[in-house]
Amino acid sequence: MITYDNVKATEVDISGDLICITWDDGQRGTYSHRMLRLRCPCASCVEEMTGRALLDPDSVPQDVRALDYMTVGQYALQFLWSDAHYTGIYTYRYLRAMCD
């Protein structure tokens, strides 16, 4: 089993059709804006105790985009989405696992 406990993002580009993240292990991940928005791990989108999805995919516009982002400590990214959602903290481990 591969784990990504110590991986860090070295570059993040949200300007294109895809979000591109370069990792310190040399991997480059590309993510659809909408896919990442639909996988938001915040308590409004995922039930905290069960992990059950609360977000209705039909409520997220097809053209949703990350407008901005910021790093959270040394372990995560937080995106500001064009649908005004911004509370999700995407750990590097979570993001890196998605790009395999």
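- Scored by the side-chain contact (heavy atoms from CB on, under 4.5 Å) test, Asp68 finds Leu80 as partners (sequence neighbours excluded).
- Considering only residues two or more places apart in sequence or on other chains, Asp24 meets the side-chain contact (heavy atoms from CB on, under 4.5 Å) condition with Val7, Lys8, Thr10.
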Verdict with reasoning, Glu11 to Cys20, per side chain to side chain contact (heavy atoms under 4.5 Å, CB included): CA-CA 8 Å; Glu11 185 178 337; Cys20 297; over 6 Å; no
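- Counting only distance, with no hydrogens or angles, the side chain of Arg34 and the backbone of Pro61 share a donor-acceptor pair below 3.5 Å.
- No side-chain heavy atom of Ile19 sits less than 4.5 Å from a side-chain heavy atom of Tyr69.
- No continuous path of hydrophobic side-chain contacts links Leu95 to Val46 [ILVMFWY only; heavy atoms under 4.5 Å].
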Steps toward side chain to side chain contact (heavy atoms under 4.5 Å, CB included) verdict (Asn6, Tyr92): CA-CA 9 Å; Asn6 298 316; Tyr92 291 154; over 6 Å; no
Check against side chain to side chain contact (heavy atoms under 4.5 Å, CB included), Trp23 and Cys99: CA-CA 10 Å; Trp23 300 99; Cys99 80; 3.9 Å; yes
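- Within a 6.0 Å sphere centred on OH of Tyr94, other residues, nucleotides and ligands contribute more than 12 heavy atoms.
- Each of Met70 and Tyr86 belongs to its own hydrophobic cluster when Ile, Leu, Val, Met, Phe, Trp and Tyr are linked at side-chain heavy-atom distances under 4.5 angstrom.
- In this structure the side chain of Cys42 reaches within 4.5 angstrom of the side chain of His85, judged on heavy atoms.
- When side chains are defined from C-beta on, Leu18 counts as touching Ser32, because their heavy atoms get closer than 4.5 Å.
- The main-chain N or O of Leu54 is never found under 3.5 Å from a side-chain atom of Glu47 such that the two would form a donor-acceptor pair.
- Considering every non-hydrogen atom in both Gly88 and Pro41, the closest pair reads CA-CD, 4.5 Å.
- Contact detail for Ala9 and Val12: the closest heavy-atom pair is CB-CG2, 4.4 Å.
- Summarising the geometry, atom OG belonging to Ser15 is positioned 8.0 Å from atom CZ belonging to Arg65; distances are rounded to the nearest 0.5 Å.
- Between Cys40 and Cys45 the shortest heavy-atom distance is O-CB, 3.4 Å.
- The two residues His33 and Gly16 make their nearest non-hydrogen contact at NE2-O, 3.0 Å.
- Counted within 6.0 Å of CG on Asp56, heavy atoms from surrounding residues, nucleotides or ligands total more than 12; the atom is thus considered enclosed.
- Side-chain atoms of Tyr90 come within 3.5 Å of backbone atoms of Leu36 as a donor-acceptor pair (strictly under, hydrogens ignored).
- With Val60 as reference, Val64 is the one residue of Asp63, Asp58, Val64 to meet the side chain to side chain contact (heavy atoms under 4.5 Å, CB included) rule.
- Nearest approach of Arg96 to Asp25, heavy atoms of both residues: NH2-OD2, 2.9 Å.
- Cluster note: Ile89 groups with Val72, Tyr75 through ILVMFWY side-chain heavy atoms spaced under 4.5 Å, whether in direct contact or through intervening members.
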